[in-house]
Amino acid sequence: MTRIIVCASVLVFCASVAKSQPQNLDNVQIRVEPVQHNIYMLVGAGGNTTVQVGAEGVLMVDTQFAPLAPKLMAEIRKLSPGPIRYIINTHMHPDHVGGNAAIAKLAESDPALPLKIIAHENVLNRLTATAPGQERFPEAGLPLDEYGTPSKNLHFNGEAVIIYHEPNAHTDGDSLVLFRGSDVISTGDIFTPGGYPFIDIEHGGSVQGEIAALNHILQLAVPAKTQEGGTYVVPGHGRICDDADVVEFRDMVVIVRDRVRDMIHKGMTVDQVKAAKPSRDYDTEYVTSNSFVTADRFVEAVYKSLSQSPGPGKSSR
Ligand SMILES: [Zn+2]
């Protein structure tokens, strides 16, 4: 099987390490959705892009696919004429990092105000570990401002921006980005409302890390009194969400994990577990006809990550 690494999504975009973008992006329009304060969500093809704008310039979280860079930049320029100072990549999948180099080129940074591309060091390691015959990731798009600590802080456009590494969740290089003043969290593919999470075991993902990361989002998010509003959450794919949406998603992952774990304890094989359909009551909400992460794929990933090792369970925080 080829190394398909598509992200779970209601908006399914097939991508692989070797073939990094869908066939035709010509007709893709970028939709700009205000999130809260000076934060916007830009939806096109691939993962959602989060943009923070202000007096110091522009910070982006994730860059979709290279051919969309001019359209993304055109929309960003409607929000701010300032320099693009930061790109933060939530993880290494091509539908989140594919536009890095093209955005860097279009940004035409002033050397005095350079563009920095930030990601966890595992993202840089994976993007530079090219298999024979595989296209190299463009140098200009590499996250050379990588970090290897549990978190990294910036202060930009008048607010603290905190980047947290979430170990072994969707992949082994996931970052959450908390905009502390605006009260917005950009999650990457740890959280994909409307689609089962893609636990990319081949790239270090695990269900235990996924649950730990979702619990961390809930620790950081504070709902308003009505349970609606308060902290807003920009998911890897799908609509703008709040604390209640993350609770629902986390509960689903925990319940399916518990059911699969019970079946493993009874000695059931992966095929027997899939046949028992432990996610059945959630499938109508999380699977559509074009979902990449089918119920079987999700259950299999949960089974495999529980069988391989207990996973990190807790992060180092
Ligand atoms: Zn992904």
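Only heavy atoms go into these numbers, but all of them, side chains included; no hydrogens, no water, no symmetry mates. First listed ligand is number 1; within each ligand, the first listed atom is number 1.
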Trainee: Considering the options Phe292, Tyr286, Phe191, which one meets the ring pair (Phe, Tyr, Trp, His ring centres under 6.0 Å) requirement together with Tyr196?
Mentor: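 Among the candidates, only Tyr286 passes.
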Trainee: Should the heavy atoms of other residues, nucleotides or ligands under 6.0 Å from NZ of Lys116 be counted, would the total exceed 12?
Mentor: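 At most 12 heavy atoms, drawn from other residues, nucleotides or ligands, come within 6.0 Å of this atom.
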Trainee: By atom name, which N, O or S atom of His91 is the nearest to the Zn ion (ligand 1)?
Mentor: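 Atom name returned: NE2.
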Trainee: Strictly under 2.8 Å, is any N, O or S atom of Asp189 next to the Zn ion (ligand 1)?
Mentor: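 Yes, Asp189 qualifies, because one of its backbone or side-chain N, O or S atoms lies under 2.8 Å.
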Trainee: Tell me which N, O or S atom from His93 is the closest to the Zn ion (ligand 1).
Mentor: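 The Zn ion (ligand 1) is closest to the His93 atom ND1, counting only N, O or S.
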Trainee: Closer than 3.5 angstrom, by distance alone: can the side chain of Thr49 be matched with the main-chain N or O of Asp62 as a donor-acceptor pair?
Mentor: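 Indeed, once roles are kept as given, a pair shorter than 3.5 Å links the two residues.
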Trainee: May I ask you to check whether His120 and His91 place their ring centres under 6.0 Å from each other?
Mentor: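 Centroid distance His91-His120: not below 6.0 Å, so no.
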Trainee: Just wondering, is there an N, O or S atom on His96 that's nearer than 2.8 Å to the Zn ion (ligand 1)?
Mentor: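 Coordinating: no.
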